[in-house]
Amino acid sequence: MAYEAPSKTTREELETATAQELRSIYAYHISVNPNLTTPSIPPTIPKVYEDTVAMHGEGIAQMAVSHYQGMFQNFLVGLVNAKRVLEIGTFTGSSAIFFANALKRNGVKPSGTNKPVIGLDISKDYAKIACANFAKAGVEDYIQVIVGDARKNLAKLEGQVFDVVFLDADKTSYKDYYDTVLEKNILAENGIIIADNTAFDCVTPFVNIPAPVADDAAPLNVSFSGHPERKEFGKAIHEFNEYIRKDPRTEAVMVPLFTGITLIRRLNNSNNN
């Protein structure tokens, strides 16, 4: 879920910020290292956001990752010393640019036919925009976008291995993506899955409701401004969350940032107690 650099910058604005706003602003600034050869925020990223808003409006542009989320995910790429990243849901390319920069920092150089970052997206139009943005960012050699049904194209990647898998496409297909990545050994042994948007406002009212969700289940009667209620959508993500929570193959932790990010790692079942 996107937001750009903090909009409150003057002392007067900062002094009127809420504690939560100020915490976010502080975290953003303290996370930007000005001395990195590969910058924390790729230089073209602000323009990617601006162009996405101009073409599709603020509402659609919110599908892109924020600057801070991009930095957070870059840190995870570095933490596992990733060499390859699979992104399911590329949109206009901002997260893929972040990932490519993170791989550069890991010393990865593109070689051979399999590029370091593979993106899957259903939209030819978004893929075209994303590829143009990759070229502007100077990372076109690092990223390949495969257009079509992500479930079918994901299965075709069997035999390739990725250290980081980012789920950010059709939310109701998360379980299918997750199972395919594990069952076809697409995720590296010590790799991680990052599932985005797992605590959307339409998901959290299902707290404490067993999954699968019964037809007569009654989620909390709450409404959050800015996000219309989408009961079926929320139900699907809640069921995915409950599925991975109980899956003996993996361990997961949800980070309550943005609209929820779940980090998932494969377990060695012989040592799983």
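Reckoned from all heavy atoms, side chains included, excluding hydrogens, waters and symmetry mates.
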What closest approach, in Å, do [X] and [Y] show between heavy atoms, and which atom pair accounts for it?
X: S123; Y: V147; result: C-CG1, 4.1 Å
X: L36; Y: S40; result: CD1-OG, 3.5 Å
X: T44; Y: A137; result: OG1-CB, 3.3 Å

Test item: [X] and [Y] side chains (from C-beta on) under 4.5 Å apart, heavy atoms:
X: N101; Y: Y142; answer: no
X: V32; Y: I41; answer: yes
X: I25; Y: Y28; answer: no
X: N241; Y: M254; answer: yes
X: Y126; Y: M63; answer: yes
X: V164; Y: V80; answer: yes
X: L103; Y: K83; answer: no

Find the distance between [atom1] ([X]) and [atom2] ([Y]) and round it off to the nearest 0.5 Å.
X: E242; Y: E239; atom1: CD; atom2: CD; answer: 9.5 Å
X: I194; Y: F166; atom1: CD1; atom2: CZ; answer: 6.5 Å
X: E183; Y: N185; atom1: CD; atom2: CG; answer: 9.5 Å
X: L257; Y: S24; atom1: CG; atom2: OG; answer: 8.0 Å
X: K175; Y: D247; atom1: NZ; atom2: CG; answer: 9.0 Å
X: N74; Y: I97; atom1: CG; atom2: CD1; answer: 11.5 Å

- Query: What about H238 and F200, are their ring centers closer than 6.0 Å?
  - Reply: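 Ring centres of F200 and H238 not closer than 6.0 Å.
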- Message: Can you see whether Q69 engages D196 through a side-chain donor-acceptor pair at a distance of less than 3.5 angstrom?
- Response: yes
- Message: Would you say T259 and N197 are linked by a side-chain donor-acceptor pair, where the criterion is simply a distance under 3.5 Å?
- Response: yes
- Query: So, are D179 and R249 salt-bridged, with charged N and O less than 4.0 Å apart?
  - Reply: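 Yes.
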Step through the shown structure and confirm whether more than 12 heavy atoms of other residues, nucleotides or ligands are within 6.0 Å of [atom1] on [X].
X: E15; atom1: CD; value: yes
X: R266; atom1: CZ; value: yes
X: K246; atom1: NZ; value: yes

For the backbone of [Y] and the side chain of [X], can you confirm whether one donor and one acceptor N or O come within less than 3.5 Å of each other?
X: N106; Y: V77; result: yes
X: E13; Y: T10; result: yes
X: S173; Y: A169; result: no
X: E50; Y: K47; result: no
X: T180; Y: A155; result: no

- In one Ile/Leu/Val/Met/Phe/Trp/Tyr side-chain cluster, 4.5 Å: F258, F98: yes
- Spell out, yes or no, whether F99 and V255 are grouped together once hydrophobic residues are joined by side-chain heavy atoms under 4.5 Å, including indirect joins. yes
- Item | Selection residues 129-140 - residue pairs positive for side chain to side chain donor-acceptor pair (under 3.5 Å), sequence neighbours left out | none
All side-chain hydrogen bond (donor to acceptor under 3.5 Å, both in side chains) counterparts of [X], not counting sequence neighbours:
X: R23; value: none
X: D163; value: none
X: E251; value: R265

- Query: Quick one: salt bridge (Lys or Arg N to Asp or Glu O under 4.0 Å) pairs with a partner in residues 105-121, sequence neighbours left out?
  - Reply: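 For residues 105-121: none.
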- Show which residues join L154 in its hydrophobic cluster (side-chain heavy-atom contacts under 4.5 Å, direct or indirect), or state none.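 L86, I88, I118, L120, I146, L157, F162, V165, L167, Y174, Y177, Y178, V181, L182, I186, L187, I193, F240, Y243, I244, I264, all in the cluster of L154.
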- Query: Under the 4.5 Å side-chain heavy-atom rule for ILVMFWY, direct or indirect, which residues accompany Y26?
  - Reply: I30
- Message: Restricting to salt bridge (Lys or Arg N to Asp or Glu O under 4.0 Å), what partner residues turn up for K124, sequence neighbours left out?
- Response: none
- Message: Please enumerate all residues that pass salt bridge (Lys or Arg N to Asp or Glu O under 4.0 Å) together with K171, with sequence neighbours excluded.
- Response: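 Result, salt bridge (Lys or Arg N to Asp or Glu O under 4.0 Å) vs K171: D168.
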Determine all donor-acceptor pairs shorter than 3.5 Å in which one atom belongs to a side chain in residues 89-96; sequence neighbours excluded.
| unit_1 | atom_1 | unit_2 | atom_2 | d |
| --- | --- | --- | --- | --- |
| T90 | OG1 | E87 | OE1 | 3.0 |
| T92 | OG1 | T52 | OG1 | 3.0 |
| S95 | OG | E87 | OE2 | 2.3 |

- Who pairs with K128 by side chain to side chain contact (heavy atoms under 4.5 Å, CB included), at least two apart in sequence or on another chain? none
Please report, to 0.1 Å, the donor-acceptor pairs under 3.5 Å made by any side chain of residues 207-214, with sequence neighbours excluded.
none

